Amino acid sequence: MNPSTSRFALRIRLQIVLLAVIAVATPLSAWAFSKASGAYQDAVRQEISRQETLLDDVRTVYTEDARLAFDVAAASARADALRPIRGQGRTAASEYEIAAQTAFSLRGTADSGSFLQDAYRHEKLGYDLPRRLADLQWDKPERYRLDPEATMRSGDTWVVWGLASTALAGVAVLTGVAWP
């Protein structure tokens, strides 16, 4: 066999191998980048879901529950403040009675699912709204345990694989072009 023919056959074989590497590495790179993009989108969805849940829970506790708790606590505090002077006149007695009845009726009309019926009430301190929020969060572990940071790291790993595949395809192209 002629040395130039042998060299030509080697070059053809090398080009076929390089084309095969390029043919495998290019879609592999696209697939890895697609997986990275999906992971990044999932991370954003997870963060939005987690933040929506937190916002809903904060809104529930600090707009709905807190309003009722404040009304009950204010009426109770007013009744407590008027209790010592309720016997000093008709006005003081009626003001005390109004405040006491308001506190009683607000507590009584609160539905059984209301936190006013639960253990969130303190004797002299009102209501423990932060604990109420924590309990609401505890009831939704699947939403609060979402880990968008881990999903982002997964996307970063796919990017590394995509870059490696792209680099492999690039080296194969450069080798095919530069080979004498």
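Note that the structure is predicted; figures quoted are calculated from it, not measured. Quick note: numbers below take in every heavy atom, side chains included, and nothing from hydrogens, waters or symmetry partners.
Summarising the geometry of Phe33 relative to Leu163, their closest heavy-atom pair is CZ-N, 3.6 Å, with the distance given to 0.1 Å. In plain terms, the two heavy atoms of Arg143 and Arg50 that are nearest each other are O-CG, 3.7 Å. Nearest heavy-atom pair across Ala66 and Leu129 is CB-CD1, 3.6 Å. Smallest separation of non-hydrogen atoms from Gly155 and Ala36: O-CB, 3.4 Å. The nearest pair of heavy atoms linking Ala25 to Leu168 is CB-CD2, 4.2 Å. Of all heavy-atom pairs between Thr166 and Ser29, the closest is OG1-OG, 2.5 Å.
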Requested in this report: Run the numbers on Asp42 and Arg45 for side chain to side chain contact (heavy atoms under 4.5 Å, CB included), then give the verdict.
Outcome: CA-CA 5 Å; Asp42 285 345; Arg45 278 192 283 282; 2.7 Å; yes
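A salt bridge between Glu95 and Arg78 is present, with a side-chain N of the basic residue lying under 4.0 Å from a carboxylate O of the acidic one. Comment: Arg132 does not engage Asp135 in a salt bridge, judged by the lack of any side-chain N to carboxylate O separation of less than 4.0 angstrom. The residues Arg153 and Asp156 are annotated as not salt-bridged, no charged nitrogen and carboxylate oxygen being separated by less than 4.0 angstrom.
Side-chain atoms of Val159 and Tyr40, non-hydrogen and from C-beta on, do get closer than 4.5 Å to each other. With contacts defined as side-chain heavy-atom distances shorter than 4.5 Å, the pair Tyr144/Leu54 qualifies. Residues Glu52 and Leu55 form no side-chain contact, since every pair of their non-hydrogen atoms from C-beta on lies 4.5 Å or further apart.
Distance check: Asp147 CG to Glu47 CD gives 10.0 Å after rounding to the nearest 0.5 Å. Put simply, OG on Ser37 and NZ on Lys35 are 11.5 Å apart, with the number rounded to the nearest 0.5 Å. In this structure, the separation between CG on Leu10 and OG1 on Thr5 is 12.5 Å, given to the nearest 0.5 Å. For the atom pair OH (Tyr96) and CD (Gln101), the distance works out to 9.0 Å, reported to the nearest 0.5 Å. From Gln51, atom CD reaches atom CG of Leu146 across 10.5 Å, with rounding to the nearest 0.5 Å. One distance of note links CZ of Arg11 with CG of Leu18; it measures 9.5 Å at 0.5 Å rounding.
Ser165 contributes a side-chain N or O that, together with a main-chain N or O of Trp161, makes up a donor-acceptor pair within less than 3.5 Å. In this structure a side-chain-to-backbone donor-acceptor pair under 3.5 Å is missing from Thr26 to Ala23.
A continuous path of hydrophobic side-chain contacts links Val61 to Val58 [ILVMFWY only; heavy atoms under 4.5 Å]. No continuous path of hydrophobic side-chain contacts links Val171 to Val173 [ILVMFWY only; heavy atoms under 4.5 Å].
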